[in-house]
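Let me begin by presenting the structure, written as structure tokens, before commenting on it.
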Amino acid sequence: MSEPLIFHFDVDGENFTSAGQASTQVKKNLRQLGLSPDIIRRVSIAMYEGEINMVIHANGGTADVIVNEQYIEIILADKGPGIPNVEQAMQEGFSTATDSIRSLGFGAGMGLPNMKRYTDSLEIDTMVGVGTTITMYVYL
Amino acid sequence: MLVKELLAHGFEALSLPDGEREIVGVYIGDLLSWVMGRAQMDNAWITIMTNVNTIAVASLADTSCVILAEGVEMEDDLVETARTKEVNILRSSLPIYETAVQLSKLLP
């Protein structure tokens, strides 16, 4: 694999039924590339959490997964409300999700912490009122 | 222990596309991010959460099977989704604790 492989997805906002389509597709693609189950699992979960966040908070966005020889880069970008306090958002258990979101099993305040847990590097670029871009790396 | 072997112990198969899968340990939880953060690959996952996201989480977290406790219902179209996504879904009529105790006796 010399040229990086790029997978691009549009994440539909307000749609929990289709949430996870991008991560499920990425899981399939990575499997076809013959990557280890552990790597696939880490990338899939981190990406799914990002997708769910975009659906809950930002009315959707885009997800790009770039597979290089030595690492996988996941870029999640939205034009949502931004994160006013990143440090707080990174704490396990902190959530601004509504009760209806919680009734679906989300809103445990574990989304961003899980993204950090399962990736080797996580960068958050956010501005209130403008949007958020999250870039994650998983080394192969 | 293989997922399909649970059928001989009172567990009902709703979706069993990969019955040969080995169960290694058990995780219990209904908060999906919590499950994704804590469950291990190949765990049997006991839950009462039966929406479409349950199937996505089981697939992405790579659990060996979902075990719906308390005899909760899962809609037919979701069961079909589980089959197409190759997610094993079993059901127990027992409460969560008793389901876990039973698994504890069965697993090595």
Side-chain angles (χ1 to χ4, degrees), chain A residues 11 15-31 35-53 55-56 65 74 89-95 97 99-119, chain B residues 15 17-18 20-25 27-43 45-70 72 74-89 96:
Chain A
V11 179
N15 190 345
F16 275 101
T17 312
S18 65
Q21 275 181 355
S23 10
T24 305
Q25 186 59 46
V26 163
K27 182 184 169 183
K28 272 187 201 157
N29 295 351
L30 297 183
R31 242 192 211 166
L35 295 172
S36 78
D38 178 57
I39 293 282
I40 294 172
R41 185 174 187 271
R42 289 169 57 204
V43 171
S44 303
I45 292 177
M47 188 165 164
Y48 183 60
E49 291 284 15
E51 262 192 272
I52 292 294
N53 272 354
V55 174
I56 294 177
V65 178
I74 307 154
M90 289 304 300
Q91 286 171 13
E92 283 193 5
F94 178 81
S95 174
D99 284 348
S100 66
I101 300 292
R102 287 170 203 263
S103 71
L104 293 172
F106 296 109
M110 295 282 286
L112 282 168
N114 274 349
M115 289 156 79
K116 187 176 167 70
R117 182 196 307 269
Y118 285 120
T119 57
Chain B
S15 159
D18 189 8
E20 300 289 327
R21 191 147 175 193
E22 181 86 28
I23 298 173
V24 183
Y27 191 81
I28 304 172
D30 302 316
L31 287 175
L32 300 179
S33 288
W34 205 275
V35 174
M36 283 191 283
R38 300 283 202 269
Q40 305 291 312
M41 192 184 295
D42 299 324
N43 277 175
W45 168 28
I46 306 175
T47 185
I48 53 165
M49 186 63 82
T50 58
N51 61 40
V52 67
N53 305 302
T54 306
I55 298 164
V57 167
S59 170
L60 299 170
D62 220 359
T63 56
S64 57
C65 62
V66 177
I67 297 176
L68 302 176
E70 316 267 3
V72 291
M74 179 171 261
E75 290 174 16
D76 290 345
D77 57 335
L78 293 184
V79 171
E80 191 51 44
T81 302
R83 286 195 196 108
T84 57
K85 291 198 171 173
E86 296 179 11
V87 173
N88 294 323
I89 309 236
I96 295 174

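The analysis underlying the following values was restricted to heavy atoms, covering all of them including side chains, and did not include hydrogens, waters or symmetry mates. Labels below follow one simple rule: chain letters A, B, ... track the order of the sequence lines, proteins then strands, and each chain is numbered from 1. Because the structure is predicted, anything quoted here is derived from the model rather than measured.
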Query raised in the report: Checking heavy atoms, do the side chain of A:P37, its backbone, both or neither come under 4.5 Å from chain B?
Result: both
Query raised in the report: Can you find a pair of side-chain heavy atoms, one from B:L31 and one from A:F106, that are under 4.5 Å apart?
Result: no
Query raised in the report: Tell me, side chain or backbone of A:S103 under 4.5 Å from chain B's heavy atoms, or both, or neither?
Result: backbone
Query raised in the report: Should we say atom CG of B:D77 is surrounded by more than 12 heavy atoms from elsewhere, each under 6.0 Å from it?
Result: yes
**Report entry** B:D62 versus A:K27, closest heavy-atom pair with distance
**Finding:** OD1-NZ, 4.4 Å
Requested in this report: With sequence neighbours left out, write down each residue that passes side chain to side chain contact (heavy atoms under 4.5 Å, CB included) with A:S100, or none if nothing qualifies.
Outcome: A:T98
Query raised in the report: Say you draw a straight line from CD1 of A:I40 to CG of B:L60; how long is it, rounded to the nearest 0.5 Å?
Result: 11.5 Å
Report task. Write down the atom of A:Y118, the atom of B:M36, and the distance for their closest heavy-atom approach. Result -> OH-O, 2.6 Å
Query - A:G105 versus B:M49, closest heavy-atom pair with distance - result: CA-CE, 3.4 Å
Query - Rounded distance [0.5 Å steps], CD1 in A:I45 versus OG in B:S33 - result: 10.0 Å
Query raised in the report: From A:N114 CG over to B:L32 CG, what is the distance, rounded to the nearest 0.5 angstrom?
Result: 11.0 Å
Report summary line: Turns out that what part of A:R41 lies under 4.5 Å from chain B's heavy atoms comes down to both
Report task. First locate atom CG of B:N53, then atom CD1 of A:I52, and finally report the distance between them rounded to the nearest 0.5 Å. Result -> 5.5 Å
Query raised in the report: What pairs with B:K85 under side chain to side chain contact (heavy atoms under 4.5 Å, CB included), at least two apart in sequence or on another chain?
Result: A:T24, B:I55, B:T81, B:V87
Report task. May I have the step-by-step check of salt bridge (Lys or Arg N to Asp or Glu O under 4.0 Å) for A:E92 and B:R38, ending in yes or no? Result -> CA-CA 12 Å; A:E92 283 193 5; B:R38 300 283 202 269; 3.4 Å; yes
Query - chain A contacts, top residue of B:G29, B:S59, B:A61, B:A56 (heavy-atom pairs, under 4.5 Å) - result: B:A61
Query raised in the report: Just wondering, are more than 12 heavy atoms of other shown residues or ligands nearer than 6.0 Å to CZ in A:R31?
Result: no
